[in-house]
Amino acid sequence: MEAQAQGLLETEPLQGRDEDAVASADFSSMLSEEEKEELKAELVQLEEEITTLRQVLSAKERHLVEIKQKLGMNLMNELKQNFSKSWHDMQTSTAYKKTHETLSHAGQKATAAFSNVGTAISKKFGDMSYSIRHSISMPAMRRK
């Protein structure tokens, strides 16, 4: 008996086969004719309200389109505005600022490193050029 009572008091949401069991259950036999009629009337009223709400929403959407057309707003302009706003929001975010700062610093270091490598290579080529010219000119000086 206690297991049955506990089953009725479960607070967990219905799962797969529980939902199937509830969906296939026929509760109409537990309702009086008066309750059935009340529920049917409520069902009709809800369906009518949903239909009305859909019509109102459709009318408001048409009105929105008309206003946007009068203001010269079109899909392309909206996309541009959304993109600009998103780009601005991203650039002002903390993550973007930190990343930008880090990459900028890394770029400066890389530039300095490449400059140092370039200077070292230039110096080496200069030394090699001097050495080659010097070794070429020396034997000629000895022969004279």
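In this model, a donor atom of one side chain and an acceptor atom of the other lie less than 3.5 Å apart for Ser58 and Arg62.
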**Study point:** Working for side chain to side chain contact (heavy atoms under 4.5 Å, CB included), residues Gln91 and His100
**Key:** CA-CA 9 Å; Gln91 286 181 317; His100 182 269; over 6 Å; no
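Here the OG atom belonging to Ser93 is positioned 11.0 Å from the NE2 atom belonging to His88, to the nearest 0.5 angstrom. With rounding to the nearest 0.5 angstrom, the CG atom of Leu103 is 11.5 Å from the CD atom of Gln108. Atom CG of Asn82 and atom CG of Asn77 lie 11.0 Å apart (nearest 0.5 Å). Trp87 CH2 to Thr92 OG1: the interatomic distance, rounded to the nearest 0.5 Å, is 11.5 Å. Once rounded to the nearest 0.5 Å, the distance linking CD of Glu48 with CG of Leu43 reads 10.0 Å. In this structure, CD on Gln55 lies 11.0 Å from CG on Leu57, to the nearest 0.5 angstrom.
Between Glu35 and Met30, the shortest heavy-atom contact is OE1-O, 4.3 Å.
No side-chain donor-acceptor contact under 3.5 Å links Ser115 to the backbone of Thr111.
Other residues, nucleotides and ligands contribute over 12 non-hydrogen atoms within 6.0 Å of the CE atom of Met90.
Evaluated for a side chain to side chain contact (heavy atoms under 4.5 Å, CB included) with Glu34, the options Glu38, Glu37, Lys36 yield exactly one hit, Glu38.
A heavy-atom distance below 4.5 Å is found between the side chains of Leu46 and Glu49.
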